[in-house]
Novice: 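Take this structure, written in structure tokens, and hold onto it; I'll ask about it next.
Index from 1, following the sequence. Order of listing sets the numbers, starting from 1, for every ligand and every atom in it.
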Amino acid sequence: MYKIAVFVSGRGSNLRAVHHFESKKYTITAVIGSKNDCGGVSFAKENGIPVYILQGSSFKDGISYANLAEILKQNGVELIVLAGFLKLIPSDFVSEFENKIINVHPALLPSFGGNGMYGINVHSAVFKSSAHVSGVTVHFVNNEYDMGLIIDQECVDISNAQSPEQIAELVLKTEHKLLPNVINNFADDKIIIKSGRVYLKD
Ligand code: GRF
């Protein structure tokens, strides 16, 4: 069974989708929160998934990234999934899990990404641009916000959208399908990196 850990900071709808589509291929062995009072963490607790809260300015008792890395390795975690996780992952941790951390972003990268581009900020920028297409990107995590290699993308038609909130709603539905699908592809060992690009094996 392919073991994954999911990092959350907010309501956790992507975590729910990943949990819902949990198959014989993968299982969520841990949920890591940047804070202890968010929907994602509550969902994990309600479903008996082990939870770790990271140390932070407002939560001194939490776990450090170094200790977390040890625990995840001991538990045989093969993939780390950032699902609405708002903090930049420290570079030491990124190096320890090279090409094993992925993120879901609610737009078509490399546009509408980077520092401060999260949640409704992304959809407001997309709305203001008058783009007729937005979408979802799942990408590897490196040391810069939203800059790692793109693993998979799906477009969403937003030509009739009347507000950023409406774009968010349309895009979220696609996030909930694409993210579990990408995780399944990792579990099937279908994701390969060749000459600096990411491919899906047949
Ligand atoms: C999603 O749109 C995700 O792409 C973005 O933040 C949002 C988190 O939503 N990074 P949720 O916590 O999964 O409901």
Novice: Should Gly119 be listed as contacting ligand 1, given a heavy-atom distance under 4.0 Å as the test?
Specialist: no
Novice: Any side-chain heavy atom of Ile32 sitting closer than 4.5 Å to one from Leu72?
Specialist: yes
Novice: Tell me which protein heavy atom sits closest to atom 9 (O) of ligand 1, plus the residue, atom name and distance to 0.1 Å.
Specialist: Arg11 NH2, 3.2 Å
Novice: Report, in ascending order of atom number, the atoms of ligand 1 lying under 4.0 Å from any heavy atom of Gly12.
Specialist: 11 (P), 12 (O), 13 (O), 14 (O)
Novice: Please list, one pair per line, the donor and acceptor atoms closer than 3.5 Å that link side chains of residues 191-202 to other protein atoms, with sequence neighbours excluded.
Specialist:
unit_1: Lys201; atom_1: NZ; unit_2: Asp189; atom_2: O; d: 3.2

Novice: Applying ring pair (Phe, Tyr, Trp, His ring centres under 6.0 Å), which residue pairs with at least one partner in residues 76-100 are found, sequence neighbours left out?
Specialist: Phe7-Phe85, Tyr65-Phe93, Phe93-Phe97
Novice: Could an N or O of ligand 1 be found under 3.5 Å from any N or O of Leu172, whether backbone or side chain?
Specialist: no
Novice: So which heavy atom in the protein is nearest atom 6 (O) of ligand 1, and how far is it from that ligand atom?
Specialist: Gly84 CA, 3.7 Å
Novice: Considering non-hydrogen atoms of the protein only, which is the closest contact for atom 11 (P) of ligand 1, and what is the distance?
Specialist: Ser13 N, 3.4 Å
Novice: Report yes if His123 has an N/O atom closer than 3.5 Å to an N/O atom of ligand 1; otherwise report no.
Specialist: no
Novice: Evaluate the side-chain proximity of Asn181 to Glu154: yes if any heavy-atom separation is below 4.5 Å, no if none is.
Specialist: no
Novice: Is there a side-chain contact between Leu178 and Val138 in this structure, where contact means two heavy atoms from C-beta onward sitting under 4.5 Å apart?
Specialist: yes
Novice: Run down the list His176, Glu175, His105, Arg16 and name the one with the heavy atom closest to atom 4 (O) of ligand 1.
Specialist: Glu175
Novice: Closest by any non-hydrogen atom to atom 10 (N) of ligand 1: pick that one out of Thr174, Val6, Leu86, Val104.
Specialist: Val104
Novice: For Glu22 and Ile28, indicate whether the former's side chain and the latter's backbone hold a donor-acceptor pair under 3.5 Å.
Specialist: yes
Novice: When you measure from the side chain of Asn47 to the backbone of Phe43, do you find a donor-acceptor pair of N or O atoms at a distance under 3.5 Å?
Specialist: yes
